[in-house]
Trainee: 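Here's a structure for you.
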Number of protein chains: 2
Amino acid sequence: MDLNQTYRMTKQRKIIVDVLKKSNDHPTADLIYQKVRRKLPRISLGTVYRNLEILEQIGMIRKINSDGTRMRFEFSSEEHNHIRCTECGSIEDLKIDCAPPLGNISEESGYEVIGCDQEYYGICPSCQKKSQKIA
Amino acid sequence: MDLNQTYRMTKQRKIIVDVLKKSNDHPTADLIYQKVRRKLPRISLGTVYRNLEILEQIGMIRKINSDGTRMRFEFSSEEHNHIRCTECGSIEDLKIDCAPPLGNISEESGYEVIGCDQEYYGICPSCQKKSQKIA
DNA sequence: GTAATTGCAAAAATTTTGCCTCATA
DNA sequence: TATGAGGCAAAATTTTTGCAATTAC
């Protein structure tokens with residue numbers, strides 16, 4: 001990231017942030033693109049990607065790597081954890097129960113430790129119901 | 001996954017497992033492909049992907065979604081955490097300092113909680129040295 | 001012998017990028 | 001008006017898949 005860069009607030013960028021602010025489902029880039037297109041039909045997917053990249057770098061949004069094949073995004077609100085359904089891939093927010101101890105890790109690894117993502121995984125209520133029907 | 005499926009141990013599959021057993025660097029599919037090709041020059045990348053998928057399903061290896069753009073893999077040994085370098089993307093193992101409390105999460109979310117991945121991130125010793133040279 | 005597995009190649013899915021034009025600051 | 005940003009399309013990257021031939025059990 002070029003720290004001497006000055007960023008402009010375009011209508012595209014504004015609407016992308018807006019969509020993320022209103023989303024609580026951690027959408028993928030393509031889903032964000034679909035939603036933004038309702039307001040800006042001529043926006044391109046490339047623009048969405050470029051903006052998501054910039055918005056993450058300036059700390060306005062966060063990237064979540066959930067299933068490994070594609071990124072998800074969320075607006076940067078207070079710190080929290082995620083729980084992901086191993087069946088349907090949906091992600092929900094969780095409040096933080098226990099923050100991991102960053103100090104020990106630094107000594108142990110030699111890393112300059114910045115943080116820690118905790119991702120819980122399991123089967124969501126909706127998928128639990130589905131598997132009951134099958135069984 | 002088809003539970004009635006019976007799996008065969010082909011030489012391709014055996015060597016892929018072997019490569020992962022000997023790797024401590026959480027390689028990507030392509031890197032595994034490169035390594036396996038030294039022993040089986042005619043193996044295809046598709047075969048590697050299909051095997052990684054199966055080996056993960058039977059619990060012999062684990063997937064790690066680190067940077068979100070591509071998967072990494074490791075042999076299933078004892079439980080541990082990971083620390084990822086935000087500069088170079090390398091991943092190292094960490095012993096588990098504090099296991100997160102799974103019980104609370106289940107009550108809180110309604111999920112049938114299976115587990116939790118903790119991924120620490122920061123700057124690895126090698127990248128710390130690099131940035132000192134630049135500054 | 002049978003069905004799982006392979007190699008090959010094509011396709012799919014996701015993300016990045018070049019280039020020229022437009023618009024924000 | 002200078003340069004960051006957008007639109008479009010092509011390319012790059014990673015992963016998946018169809019199919020005929022092969023191989024493990």
Trainee: Using whole Å, report how far CG of Leu55(B) lies from P of dA4(C).
Mentor: 16 Å

Trainee: Taking CD1 from Ile43(A) and P from dA5(D), how many angstroms apart are they, rounded to a whole number?
Mentor: 13 Å

Trainee: Atom CG of Asn65(A) and atom P of dT14(D): how far apart are they, to the nearest Å?
Mentor: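 My rounded result for the distance is 15 Å.
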
Trainee: Does a donor on one side chain sit under 3.5 Å from an acceptor on the other, for Asp117(B) and His82(B)?
Mentor: no

Trainee: For DNA chain D, what residues of residues 16-36 of chain A have any heavy atom nearer than 4.0 Å?
Mentor: none

Trainee: Any side chain to side chain donor-acceptor pair (under 3.5 Å) pairs touching residues 83-92 of chain A, not counting sequence neighbours?
Mentor: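 Every pair satisfying side chain to side chain donor-acceptor pair (under 3.5 Å) with a residue in residues 83-92 of chain A: Arg84(A)-Glu119(A).
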
Trainee: Determine the contact category for Leu45(B): base if any of its heavy atoms lies under 4.0 Å from a base atom, sugar-phosphate if only primed atoms, P, OP1 or OP2 are that close, otherwise nothing.
Mentor: base

Trainee: How do Gly46(B) and Arg42(A) order along DNA chain D: which one's closest nucleotide is nearer the 5' end?
Mentor: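 Upstream on the strand: Arg42(A).
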
Trainee: Checking Leu20(B) against Leu52(B) for the side chain to side chain contact (heavy atoms under 4.5 Å, CB included) test, could you report, in this order, the C-alpha distance in whole Å, the side-chain angles of both residues, the deciding distance, and whether it holds?
Mentor: CA-CA 10 Å; Leu20(B) 276 171; Leu52(B) 290 172; 4.0 Å; yes

Trainee: Scan residues 99-108 of chain A for pairs that pass salt bridge (charged side-chain N to carboxylate O under 4.0 Å, His left out), counting only residues two or more places apart or in two chains.
Mentor: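 For residues 99-108 of chain A, and leaving out neighbouring residues, the salt bridge (charged side-chain N to carboxylate O under 4.0 Å, His left out) pairs sorted by first residue read Glu108(A)-Lys95(B).
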
Trainee: Is the closest side-chain donor-acceptor distance between His80(A) and Gln118(A) under 3.5 Å?
Mentor: no

Trainee: Using whole Å, what does the distance between atom P of nucleotide dC25(D) and atom CD of Gln5(B) come to?
Mentor: 13 Å

Trainee: So, Asp18(B) and Lys22(B), do they make that salt bridge, N to O below 4.0 Å?
Mentor: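 Lys22(B) and Asp18(B): salt-bridged.
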
Trainee: Do any N or O atoms from the side chain of Ser44(A) and from the backbone of Thr47(A) form a donor-acceptor pair under 3.5 angstrom?
Mentor: yes

Trainee: Tyr49(A) has a side chain; which of dT14(C), dG7(D), dT6(C) sits nearest to it?
Mentor: dT14(C)

Trainee: Taking the minimum atom-to-atom distance to the side chain of Arg13(A), which one of dC8(C), dG6(D), dT5(C) wins?
Mentor: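 The listed nucleotide nearest to Arg13(A)'s side chain is dG6(D).
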
Trainee: Output one letter per nucleotide in nucleotides 19-25 of chain C: B when a protein non-hydrogen atom lies under 4.0 Å from the base, S when only the sugar-phosphate is that close, - when neither is.
Mentor: ----BBS

Trainee: Identify which one of Thr28(A), Ile32(A), Val48(A) satisfies the side-chain contact (heavy atoms from CB on, under 4.5 Å) criterion when paired with Phe73(A).
Mentor: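 Among Thr28(A), Ile32(A), Val48(A), the one that satisfies the side-chain contact (heavy atoms from CB on, under 4.5 Å) with Phe73(A) is Ile32(A).
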
Trainee: Could you tell me how far apart Leu52(A) (CG) and dA5(D) (P) are, to the nearest whole angstrom?
Mentor: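 In whole Å, dA5(D) P and Leu52(A) CG are 14 Å from each other.
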
Trainee: In whole Å, I'd like the distance from the CD1 atom of Ile15(A) to the P atom of dG7(D).
Mentor: 10 Å

Trainee: Starting at CG of Asn51(B) and ending at C1' of dT23(D), how long is that distance when rounded to a whole Å?
Mentor: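 Spelled out: CG on Asn51(B) to C1' on dT23(D) is 14 Å.
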
Trainee: After noting the C-alpha distance and the side-chain angles of Lys14(A) and Val17(A), does the key distance pass the side chain to side chain contact (heavy atoms under 4.5 Å, CB included) rule?
Mentor: CA-CA 5 Å; Lys14(A) 205 175 291 182; Val17(A) 173; 6.0 Å; no

Trainee: Are any side-chain N or O atoms of Arg62(A) and backbone N or O atoms of Glu56(A), one a donor and one an acceptor, separated by less than 3.5 Å?
Mentor: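 No; zero donor-acceptor contacts below 3.5 Å.
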
Trainee: Checking Tyr33(A) now: which residues fulfil side chain to side chain donor-acceptor pair (under 3.5 Å) with it, not counting sequence neighbours?
Mentor: Arg37(A)

Trainee: OP1 or OP2 of dG7(D) less than 4.0 angstrom from a side-chain nitrogen or oxygen of Gln12(A), does that happen here?
Mentor: yes

Trainee: Can you tell which of dC8(D), dT15(C), dG4(D) lies closest to the side chain of Arg70(A)?
Mentor: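 Nearest listed nucleotide: dT15(C).
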
Trainee: Does dG6(D) have OP1 or OP2 under 4.0 Å away from a side-chain N or O of Ser44(A)?
Mentor: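 For Ser44(A), the contact criterion (side-chain N or O under 4.0 Å from OP1 or OP2 of dG6(D)) is not met.
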
Trainee: Can you give me the bend angle of the helix from dG1(C)-dC25(D) to dA25(C)-dT1(D)? Use the axis through the first five pairs and the one through the last five, nearest 10 degrees.
Mentor: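 Computed from the C1' atoms at both ends, the axes differ by 50°.
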
Trainee: Could you check whether Lys63(A) pairs with Glu53(A) (Lys NZ or Arg NE/NH1/NH2 to Asp/Glu carboxylate O, under 4.0 Å)?
Mentor: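 Glu53(A) and Lys63(A): salt-bridged.
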
Trainee: Rounded to the Å, how far apart are Met71(B) CE and dA13(C) P?
Mentor: 17 Å

